[in-house]
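Remarks on the structure that follows.
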Amino acid sequence: MEDMVGTQPQPVTIAFDVMGTDHGPAEVVRGAAMLSLESPHIHTLLVGDRTLIDDALAETKHNGERISVQHAADFIGMDEKPGEALARKPNASVAVAARLVAEGEAQALVSAGNTGAGVLACARHFQLIPGVRRAALATVYPTRSVRGAKGDPFSLILDVGATVEATADDLVTFAVMGSAYARIISQNERPKVALLSNGIEPQKGPPRVVEAHARLSEMKDIHFIGNVEGIDIPKGTADVIVTDGFVGNVCLKMLEGVHDTVVELAQYAYKESLRWRAGLAMLSSGIQRIKDITDWNQYGGAPILGFDKIFIKAHGRSKSRAIANAGKVAAKVVSNNLGAAIREGLKK
Amino acid sequence: MSLPDRIDPRPPRRIYRWDLDKTYLQTEFDSLRDLVRTAFQKAHQKVAVPGASALIRELSENGDSRLCIVSGSPKQMRAVLEEKLKLDGVRWDEFVLKDNVGNLLRGRFRALRGQVGYKLPAILESRVHAPVEAEEVLFGDDAEADAFIYSLFADLVAGRVDERVLSQVLEAGGVYPDDALRVREAWKKIPVGDPVRRIFIHLDRLTPPAHFTPYGPRVVPIFNYFQAALVLLADGHLTAPQVLKIAVEMVQTAGHNIITLSNSFQDLLRRGLPLQQAAVALSQALEGPNKLLAAMRPMPDILAAFSKRLAALGTPPPPPPVQAVDYVSLIHHALPRNHKGRTKPQ
């Protein structure tokens, strides 16, 4: 991720929910420490158990001028039910962090913890942007083609779980929000937006998709390319793929499953035959190159779109590099005023 | 032994010892190119670490202190360094520089980069002439061995290090016999006391603060001189308005702001430094009529920022424990960075 270019960027404070991640608080602290060294305009507010944070910070190279800590006694684990857990633990780190962002102590929230708890904490503390009925959880997926000034090898898919039953209105809103996000993060002036359906024809799909298709076709500020099918996601036919949370989540899990299966098959081949092993060895530099290009650690995290404040959800398995990059994404979104871009898009 | 550069008839109550490169001056000498550039820089091209000159000026305002500079820069740089200090309004009492040409001519190659054999005798010899009751505060950086040497100096003067440990350290540090002799002779002349109050280590290389934990709470790693000023306010060396003057200089000349200053404040609190009273004193000073402090306005924002950082931590953390320093096991801290023994033993 690149920092802002041109004039000196304005200082931005990003709140990090330090707790509840797969690799433990130290990994998030190391990511924030990395950020303090790499991006002078980004200040981090670490929210979580103060003792754990301080112990990790003391052992890590960092710039103490750019880091502050907010103690939060509780946290929500990955396996806890978000609603119940937040009710039981009002001072959980993610809730405290969301509150601090809402109060203006920070401009964005990054969490690698329980996704549901993060979304729910934001829903409780943030306001929906006028014109947005439901927020959308977005994610990025590596594609064959690249896009934007940065040559971004990821497309954005939304919603992947926040709004299970989306209306046509919601789908149009998701398209506007996704388009604004892609413009800012991928530096893609005119991102191609598509609806996920079971055929490319405008009349294909359930009524809400057909209606959304008709309305998006009339929106001049959205570069709507029509419907795409599941096969188009990895091809990179569209830069922003819009669907409801139910389909999006199923789709995302299936894509992740395919990826895991391919890796397992490669491992099987490696063990089974010397010839296959030799073949894989010959391809190894190319495989590594693809892995580097599509490494989600470089992307950092994916946004929850629709709130007046920014929430970047980093992967639960995020290591320090991914956490630092999630912070940079958050700062970039804040600096480019995504909220205003979405509001503007919804007016048209 | 250098004679004092300035004779002050009054005995000093406090002695402030400063290193120059990376402590007072923003110096780069990690590569040959950096070294050459530094050597040919004119006084006005040299840049002080933000807040350093303001801190020295404010400390000397009290009128009962001495400023002793011991730098590893070669003696040939004296003129340009003195000019730089004068440009910054800094007045010194002692200014010791390293005789690297002499070391080279005498084939003392270890002494070119070695720190223990140079700084330890220099500051011990300086202490010989100080009044017994004079307190000391030392300023160094994390680039070389300042935390080690300053702590060893403090513990030698306090009688907490014995001859056996000193011998082991001098030997492991590659100190030449004549320098070792100077150390022992000066040490014997100094009356036993415990004058060293603080050792500030400027984190020029952003070394993790835990690296300095073995030296105990006397050593305070700092990211900037606002942090040193806060601790010196708590220790009674500065007043709150003086600390604010230092902050003002950092805001005006180095791009510091409410966030960096309040984060710096909280960083020290989290490390267990008792600054709550200092925060109160600063708040009261900010409410005063001093026009200079207008640069720090809007005052409510500043007060709120500091109060929030304080409240964010809940109960104050306990102060770090006082412990004896094991110099023999820390000797790798005192060796030049590319020395084969610098790597910490497993």
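Every value quoted in this text rests on a predicted model; they were computed, and no experiment measured them. Lettering follows sequence order; numbering is per chain, from 1.
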Subject >> Structural part of Leu57(A) lying under 4.5 Å from a heavy atom of chain B >> reply: both
Original post:
How would you list, by chain and number, every residue that makes a side chain to side chain contact (heavy atoms under 4.5 Å, CB included) with Pro217(B), sequence neighbours excluded?
Top reply: Pro320(B), Val322(B)
Pairs table: donor-acceptor atoms between chain B and chain A closer than 3.5 Å:
| unit_1 | atom_1 | unit_2 | atom_2 | d |
| --- | --- | --- | --- | --- |
| Arg205(B) | O | Lys61(A) | NZ | 3.4 |
| Ala210(B) | N | Ala58(A) | O | 2.9 |
| Asn224(B) | ND2 | Glu65(A) | OE2 | 2.7 |
| Asn263(B) | ND2 | Glu65(A) | O | 3.0 |
| Gln266(B) | OE1 | Val69(A) | N | 2.8 |
| Gln266(B) | NE2 | Val69(A) | O | 2.6 |
| Arg270(B) | NE | Asp54(A) | OD1 | 2.7 |
| Lys308(B) | NZ | Glu105(A) | OE2 | 2.5 |
| Ala312(B) | O | His71(A) | N | 2.9 |
| Leu313(B) | O | Arg50(A) | NH1 | 2.4 |
| Thr315(B) | O | Arg50(A) | NH1 | 2.8 |

Original post:
Excluding sequence neighbours, so at least two apart, what forms side-chain hydrogen bond (donor to acceptor under 3.5 Å, both in side chains) with Tyr150(B)?
Top reply: none
Subject >> Residues that Arg57(B) engages under side chain to side chain contact (heavy atoms under 4.5 Å, CB included), provided they are two or more places apart >> reply: Ser53(B), Ala54(B), Glu249(B)
**OP:** Compare every heavy atom of Ala58(A) with every heavy atom of Pro208(B), then report the nearest pair and how far apart it is.
**Re:** CB-O, 3.3 Å
